[in-house]
Amino acid sequence: MITNMIGVIIRKELRAALVSPKFVASFGVCALLMLLSTFVGIREFQASREQYEAAQRLNEQEMREQTAWGRLGTRVFRAPDPLQIFASGLQNDIGRWSSVDAFNPVKLKNSVYSDDPVFAVFRFIDLAFIVQIVLTLMALVYTYDAVNGERESGTLQLTFANPVPRHVYILGKAVGAWLALIVPLFVPLLMSLGLLSVFDILLSAEHWLRIAIMMGASLALVSVFIMSGVLVSALTSRSSVSFLVCLVGWVVTALLIPRAGMMTAGYLVAVPTAAETDSRLDGFSKERWNVHMKELGERWRARNEQLTGKTEEERRAEREAKEWDWMEEDDRSRKQVQRDIDEYATRLREDVRNRKLEQERLGFTLARFSPVAAFQLALMNLAGTDMGMKARFEDALTEYRKTFNTYRDAKVKESGTFGGIRISFDSQRGMKIEQGREETLDLAEMPRFSDPRVPLRDAFSAALVDIGLLVGAALLACAAAVAAFLRYDVR
Amino acid sequence: MNATQPAPMLEARGLVKRYEDGVLALDLVSFAVRAGEIYAMLGANGAGKTTTINIFLNFVEPTEGEALVDGIVTHKDPLAAKERLAYVSENVMLYPNFTAIQNLEFFARLAGKTEVTRDECRDVLRRVGLQDDAHAKRLKGFSKGMRQKCGIAIAILKDAPAILLDEPTSGLDPKAGFEFLNLLAILRSEGKAILMSTHDIFRAKEIADTVGIMSAGRLALQRPASELAGQDLEQLYLQHMAGHVERAA
Amino acid sequence: MLTLIIEKEIRDLVSTARFAVTFGICSLLILLTFYVGARTYALQTEQYEAARKEQLRQLEGVTDWSSVRSARVFLPPQPLAALVTGISNDIGRNAEVRGRGEANPQDSRYAEDPIYAVFRFLDLDFLFQILLSLFAILFGYDAVCGEKERGTLRLTFAQAVPRSTYILGKLVGSFVALGIPLIVPLLIGCAILPMLGVPLSAEEWLRLAFIVASGLLFFGVFLNCSILVSALTHRSSNAFLAMLVVWIMAIIVVPRTAVVIAGRAVDVPTVDELASKKSRYSAQLFAEDRMAMGKFVPSNPTGPQVMQEFNKFMSKIADERQKKMDEFSSRLNEERVNMQRIQEDLAFGIARISPVASLSLGLADLANSGLDLKEEFQSSIQRYQRSYGEFMVKKTGMNPGGGMIMRITDDSDREKPKPIDPSELPVFVFQPETLSASLASALPDLGLLAALATVLFLAATMAFLRYDVR
């Protein structure tokens, strides 16, 4: 009897929804936007993939044209990932590449937005954005008068002139509104996934799984807003009031809290800027090199002193015998300096990173008061375009730099020349300029960089908190709506 | 037309209204209301009463014929015609966030009575029977009857020579309805020409000078109320209603 | 009669709870935005000063200018850019100047602090775009059809009221009723800026005045548009739905789609392509120079001036190499910049279909945080590079240009060298766009907004003249 009654109410809700202009407009807009954003995302992904491939080709060509191992460096580019179509996250804000060589620590440079600020002016749209802004708004527009609208039109009174339990009615109402909105959303959502295969975007099984979870999170977010709309309409007696409350609530949750949360965290936890740490690093390295040069000078003086009192012949012979050792020694101390600087850089970065982590934690905690923020964070985690992205790449690049440098050093040793020009100057013999040998380099064994990937399990567990928050909020809003309606004045 | 009689204040001349969707709402309706006269239009829902009033207010233009207010053709010079008209709708809706007095002031000024004072507003509100304590309250909480009284007050305040009343007594309690009839009688004695559409056969018979019964866009019957005294108006009304049903079928 | 209708309109709008709530929230957000802007500016200034100090500190104790390899310059924070961020957080904020070669800005704020990039900043641009438009819609969507639904329209037109007067009163009245109250928090916001430690020059005040005026103009556009839609529909729920669709299109769809279309239509060479071409050309030039270096023959091989002579020689070939390199890169850069211009013009041309784009671009121009900012910073850097190069030549006799590391190890204990005076280093001056130039680029957008507001005003009037008031 009761399930039958719920069925009646749900069917009525669905029928009422399908014939309302509200439904037609919201469905049309949502479908259009989802397809548009996916299409744009796909084109952007294809473009960035082309750019990535071209850049890699150019880099390889450049490397092949180099002649000496000693100065060999490479550029590593971040490979685009198809998941950025749905949640671009920080993809366009973080540098696209870093140079990897003996001298400079890795650093991601040239973000998409800094290269082409024209795209930064209005930014791109991705599915995550559409869900956050448009779908949530539509969900509220759709449900703000679910209960009080019926009261105003008088149908509520008529309904309760029949033996209908209140909790049955409100549950039917909530489920009906949910179905009426969620089911149509699935259609464009599936269509936009269909676009992926139309444009030949190859996805692995793991990608599909991630996308599926992302879709689940989208549904959870929309559900939160549907249930909140029903709740507000069950708390107010006039639809104009509930409409205003919903709109204000939307502005605050979708637009204000996420921004305010992050900015508050930014103010509360101070993090030194890159310019500041770079300068500090520069200072340290300059000092370290100065010390090194001084030691080097002293070493040479000491070596020369050993030679004093010997004949010219003896000196030359001894010098020739020891030269290799001396050079080795100098090289060792040079490498030590390099290591010290690298360590210092790592320490500095670690420090900055810890501060940033602290800042992030606070920012996220504050922002998560808004389900919209929780959703965005979940999607970024799933798509791998999250806050950890930069650190992940920098760590992987630093590792790669080590392998690369080892490889190069081995090659230098093998070829027996550092390359470059050597200019020596002696007060007795004057000046001598030696050219390095010219040869083309065989780069077949060069180690390759592979993008750091967060395993699905880790990404999912990172997103789980947020998805859990969303589901919890939706259920809570639903329960609150039922509770509120039990005391609703149906007149 | 009789030369001794004054020119009619409200006059319909062969009004025909066919809407865009082809519905014939009015079919050659003609009548006249002179100063100091009350004309009651009777008819079922959809008979064309409101359309007639809409033509007088120039909300709708007639397809053929014309409506005149004090000799002015309403769709040719609507503003001049409206200066001579006061109107009370079936369900008076006023600005819900304004008080009764604020609403009165606004509409009086809109009608050109720029000098109207609060006291005058109060007087008129008392005259239509709205209690003093409601004068400074917002319209939000008013019942339909209270709003109706405000609407009538607005019409009185305008002091126009012609008054259009669209179902003015619907929603009024019997006492208020009775008071309203007294008010109409006073207005008539002040020389106003009053056109009133109504369902209320008994009141119409009681107060009107002329009664017209509309059916399916036609003025099916028009008699001076004095002539109807002996006849059963109700009988006539139902008779024409039946005719309407037959024609529609 | 017009004043009567305006007066009624104002009273009707202002006396509602709807007005009290939304206006309260708008004011709160406006004030919050100003506060946030001021705090951001303070924070940025702090960081900027810290970074600059650190840079000078490094030079302390250095005894020879020739061991100074480079100077880092920083984009000074602009108070208005904190209020209207534009692209100021997307472009690099500092650059390393070596005296020659290309010096490109790096470390954009968003790349460096992605925490802000996740949800972006709260600034006036965002506030105007989202909040003022919503505010306008909320009070405009039922201006006409709402009165019809309430039945007051019928009663009003039972009086001798000309339609043109009525709609004029409606348009003017709602703008006054809603626009004037908005000015109050905006002015308070402006007034608290100096109190929060944001110094503004007379010119910046003028810019700020224009920014506030553009916001009101934009508000007028949306208000007129809502009233137009309201005069085209008979049910307020439909009017609201239509305006919501317009809102989403104007704010989200049109600007972004325009940029994407332009991005696909105009093929701009990528930075990577350029970098690769440059580095290959540079390698080629360097290989040539190595041959030249090999042929260096000192006039007196054992004389003490050999080092000097060699330095001069190296400096000369480096200068020549640099000249060629500069020509080559400036040609490449120019090509890219030209294509970027075409792309921008197309993108913004299409985007301006939406008043939101006009507003956004106009505001960024006025706050000097638009696309020009990047170019201005870059040209300021180039200028500084020249004066830095000249300074280094004066101090050391050569322009080291970063490419070569020169270390003179002095093993004789002659006299202790004196430390250099870091304050001698030329000071980096960022030359922002002049007010007249900013105005010149912002005025077309403001004009567009004004024109749109007028067109919508007229359209609303026309629509109402034929409105069925029954």
Side-chain angles (χ1 to χ4, degrees), chain B residues 19-20 50-51 53-61 69 72 74 77-99 102-114 116 138-140 144 147 150-151 154-155 157-158 160 162-166, chain C residues 1-23 138-139 142-170 172-174 177-178 231 234-236 464-470:
Chain B
Y19 285 108
E20 289 83 8
T50 304
T51 303
I53 288 179
N54 279 344
I55 288 176
F56 274 101
L57 288 168
N58 192 42
F59 290 163
V60 175
E61 280 195 20
V69 180
I72 298 160
T74 53
D77 190 355
L79 294 185
K82 286 180 197 176
E83 277 170 19
R84 293 160 173 80
L85 279 179
Y87 164 69
V88 181
S89 63
E90 176 185 1
N91 189 3
V92 173
M93 297 303 283
L94 295 167
Y95 291 104
N97 287 309
F98 290 2
T99 63
Q102 280 173 336
N103 268 302
L104 246 64
E105 269 181 338
F106 170 67
F107 283 104
R109 289 198 189 145
L110 211 54
K113 304 266 174 219
T114 45
V116 74
R138 290 192 181 195
L139 262 281
K140 259 182 208 167
K144 192 179 173 199
R147 288 204 309 269
C150 289
I154 287 170
L157 207 53
K158 185 169 181 179
I163 301 176
L164 301 178
L165 303 168
D166 196 355
Chain C
M1 180 162 312
L2 183 62
T3 48
L4 176 66
I5 293 169
I6 293 176
E7 195 191 307
K8 171 244 134 196
E9 193 62 34
I10 295 172
R11 202 159 353 136
D12 191 21
L13 282 172
V14 173
S15 63
T16 53
R18 174 163 73 157
F19 178 82
V21 171
T22 37
F23 176 66
L138 200 57
F139 287 93
D142 62 349
V144 174
C145 54
E147 290 233 21
K148 179 177 172 154
E149 283 174 332
R150 283 192 276 168
T152 44
L153 201 60
R154 205 177 150 85
L155 191 57
T156 303
F157 281 98
Q159 322 296 331
V161 181
R163 286 181 175 224
S164 53
T165 312
Y166 181 80
I167 188 71
L168 200 68
K170 195 109 207 163
V172 174
S174 24
L178 306 169
H234 292 279
R235 287 200 13 232
S236 57
F464 188 71
L465 289 184
R466 288 185 288 126
Y467 192 72
D468 186 354
V469 297
R470 280 177 295 159

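Below, read A as the first sequence line, B as the second, and so on, with proteins coming before strands; counting in each chain starts at 1. These numbers were taken from a predicted model, which means no experiment stands behind them.
C:Lys8 places no side-chain N or O within 3.5 Å of a backbone atom of B:Phe106 that could act as its donor or acceptor partner. Formation of a donor-acceptor pair under 3.5 Å by the C:Lys148 side chain with backbone atoms of C:Asp468 is found in this model.
Interface residue B:Arg138: only side-chain heavy atoms are found under 4.5 Å from chain C. Within the 4.5 angstrom heavy-atom criterion, only side-chain atoms of B:Ile154, from C-beta onward, approach chain C. Of the atoms belonging to C:Val161, heavy atoms from both backbone and side chain fall under 4.5 Å from chain B. For chain B, no part of C:Tyr467 is nearby; none of its heavy atoms comes within less than 4.5 Å. Proximity to chain C (any heavy atom under 4.5 Å) is shown, for B:Asp77, by neither the backbone nor the side chain. Only the side chain of B:Phe98 comes within less than 4.5 Å of a heavy atom in chain C; its backbone stays farther off.
Looking at B:Asn91 and B:Arg147, their side chains do bring a donor and an acceptor atom within 3.5 Å of each other.
B:Leu57 pairs in a side chain to side chain contact (heavy atoms under 4.5 Å, CB included) with only one of the listed residues (B:Asp166, B:Leu164, B:Val69), which is B:Leu164.
Per-residue heavy-atom pair counts under 4.5 Å with chain C were compared for B:Tyr87, B:Phe107, B:Tyr95, and the maximum is reached by B:Tyr95. Per-residue heavy-atom pair counts under 4.5 Å with chain B were compared for C:Glu7, C:Glu147, C:Met1, and the maximum is reached by C:Glu147.
With a 6.0 Å radius and a threshold of 12 heavy atoms from other residues, nucleotides or ligands, C:Arg470 has its CZ atom above the threshold.
Figure legend: cation-pi geometry between C:Arg154 and B:Phe59 absent, as NZ or CZ is not positioned both under 6.0 Å from the six-membered ring centre and within 45° of its axis.
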